[in-house]
Amino acid sequence: MPKRVDPDIRREQVADAVIDEIAEHGLRSVTLARIAARTGLAIGSIRYYFGDTVREVMRFTLGVLMQRAVRRATTMSDDPATRIADVIAFAAPTSEQECKENIALVEYRVMARTDPELAADIAATSLAGAEVIRSLLRDALADGAVDEEALHREALLLFTLIEGFSFSSALFSAPLREKDIRAVVTATMHRLRGAYPPSEQAPEDCRGQDRPAR
């Protein structure tokens with residue numbers, strides 16, 4: 001009897017072929033014929049797993065890219081400010097495989113500008129990422145004099161770092177260095193903590209008490 005193939009493994013194999021094709025030739029070069037050539041599968045086999053159009057393959061591959069980005073292993077510090085550096089370094093592509101996947105994801109994001117169906121998936125992921133950064137920053141500046149509007153602006157700045165690392169990496173020939181990413185984030189957090197120092201505590205005899213008459 002022919003060996004039974006796990007459908008999930010086969011779909012992941014197809015997704016990897018799509019990622020390789022995008023990294024080498026761009027997203028619009030992806031066709032069932034090119035996927036078949038990269039995987040060694042017949043076009044009929046690819047249609048068996050994904051249907052008759054390449055679009056279902058493309059949507060599945062986008063899901064794979066997002067899942068892999070979320071699953072990247074990282075060790076989180078107990079210090080709130082250092083946790084922000086951990087998250088941004090974890091999100092930035094710092095290996096050959098991550099760079100390849102990042103290029104594919106960047107191309108998807110560009111395509112989503114004119115594709116409402118893809119745009120919804122991309123937007124949901126971006127909003128979730130921005131909220132994570134905002135929550136971490138709120139913890140890091142918990143003892144500082146920062147209002148919600150300022151917190152929103154500073155969280156946007158940090159999220160822009162993630163976006164910048166992603167887009168710049170797609171143009172570089174080599175992966176980013178984690179130590180450079182951490183240095184940039186650490187310097188940014190140092191500035192933020194200087195801009196929003198801990199609130200001054202009132203003297204003990206001024207907290208809801210009248211000072212003794214002289």
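Basis for what follows: all heavy atoms, side chains included, without hydrogens, waters or symmetry-related copies.
- The minimum heavy-atom distance between Ala170 and Asn102, with the atom names listed, is N-ND2, 3.7 Å.
- Contact check for Ile133 versus Ile88: side-chain heavy atoms found under the 4.5 Å cut-off.
- Between the side chain of Arg134 and the main chain of Leu151, no donor-acceptor pair closer than 3.5 Å is present.
- When every heavy atom of Ala150 is checked against every heavy atom of Tyr196, the shortest pair comes out as CB-OH, 3.6 Å.
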With a cut-off of 3.5 Å and sequence neighbours excluded, list every side-chain donor-acceptor pair involving residues 48-65.
{"residue": "Arg55", "atom": "NE", "partner": "Glu117", "partner atom": "OE1", "Å": "3.1"}
{"residue": "Arg55", "atom": "NH1", "partner": "Asp115", "partner atom": "OD2", "Å": "3.1"}
{"residue": "Arg55", "atom": "NH2", "partner": "Asp115", "partner atom": "OD1", "Å": "2.9"}
{"residue": "Arg55", "atom": "NH2", "partner": "Asp115", "partner atom": "OD2", "Å": "3.0"}
{"residue": "Arg55", "atom": "NH2", "partner": "Glu117", "partner atom": "OE1", "Å": "2.9"}
{"residue": "Arg59", "atom": "NH1", "partner": "Glu117", "partner atom": "OE2", "Å": "2.7"}
{"residue": "Arg59", "atom": "NH2", "partner": "Asp121", "partner atom": "OD2", "Å": "2.7"}
{"residue": "Thr61", "atom": "OG1", "partner": "Val57", "partner atom": "O", "Å": "2.9"}

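- With 3.5 Å as the limit, one finds no donor-acceptor pair spanning the side chains of Ser77 and Asp86.
- In this structure, Pro175 and Ser95 have side chains that are not in contact, with every pair of non-hydrogen atoms separated by 4.5 Å or more.
- Once rounded to the nearest 0.5 Å, the distance linking CZ of Arg153 with CG of Leu137 reads 12.0 Å.
- At a threshold of 4.5 Å between side-chain heavy atoms, the hydrophobic network of Ile, Leu, Val, Met, Phe, Trp and Tyr places Met111 and Ile35 in one connected group.
- Counting only heavy atoms from C-beta outward, the side chains of Leu176 and Asp180 never approach each other to under 4.5 Å.
- The environment of His190 atom NE2 is sparse: at most 12 non-hydrogen atoms of other residues, nucleotides or ligands sit within 6.0 angstrom.
- Within the 3.5 Å criterion, the main-chain N or O of Ser166 finds no donor-acceptor partner in the side chain of Ser169.
- Applying the salt bridge (charged side-chain N to carboxylate O under 4.0 Å, His left out) test to every pair with at least one member in residues 155-168, sequence neighbours left out, gives these pairs: Arg109-Glu163.
- Counting only heavy atoms from C-beta outward, the side chains of Val184 and Phe165 approach each other to under 4.5 Å.
- Between Arg138 and Glu148 there is a salt bridge, with a side-chain nitrogen of the basic residue lying less than 4.0 Å from a carboxylate oxygen of the acidic one.
- Ser135 places no side-chain N or O within 3.5 Å of a backbone atom of Glu131 that could act as its donor or acceptor partner.
- The minimum heavy-atom distance linking Glu98 with Ala92 is given by the pair OE1-O, 3.7 Å.
- With a 4.5 Å cut-off on side-chain heavy atoms, Tyr108 and Ile22 count as touching.
- When side chains are defined from C-beta on, Arg11 counts as touching Pro7, because their heavy atoms get closer than 4.5 Å.
- For Lys100 and Glu96, the salt-bridge test fails: no basic side-chain N is under 4.0 Å from an acidic carboxylate O.
- Looking at heavy atoms from C-beta onward, Leu41 lies in side-chain contact with Arg10 at the 4.5 angstrom threshold.
- When hydrophobic clusters are built by joining Ile, Leu, Val, Met, Phe, Trp and Tyr residues whose side-chain heavy atoms come closer than 4.5 Å, directly or via intermediates, Met189 is grouped together with Ile181.
- Of all heavy-atom pairs between Ala140 and Asp143, the closest is O-OD1, 4.4 Å.
- By the 4.0 Å N-to-carboxylate-O rule, Glu21 lies too far from Arg28 to be salt-bridged with it.
- Hydrophobic clustering (side-chain heavy atoms under 4.5 Å, transitive across Ile, Leu, Val, Met, Phe, Trp, Tyr) keeps Met66 apart from Val106.
- Each of Val14, Val18, Asp16, Asp20 was compared with Arg38 under the side-chain contact (heavy atoms from CB on, under 4.5 Å) criterion, and only Asp20 meets it.
- Gln97 places a side-chain heavy atom less than 4.5 Å from the side chain of Arg68.
- Grouping the Ile, Leu, Val, Met, Phe, Trp and Tyr side chains by contacts below 4.5 angstrom, directly or via other members, places Leu171 apart from Val110.
- Of all the heavy atoms in Ile43 and Ala33, the pair that sits closest is CD1-CA, 4.0 Å.
- Salt-bridge annotation for Glu154 and Arg191: present, with a side-chain N of the basic residue lying under 4.0 Å from a carboxylate O of the acidic one.
- By the rule that hydrophobic residues join a cluster once side-chain heavy atoms approach within less than 4.5 Å of another member, Phe159 and Leu161 end up as members of one cluster.
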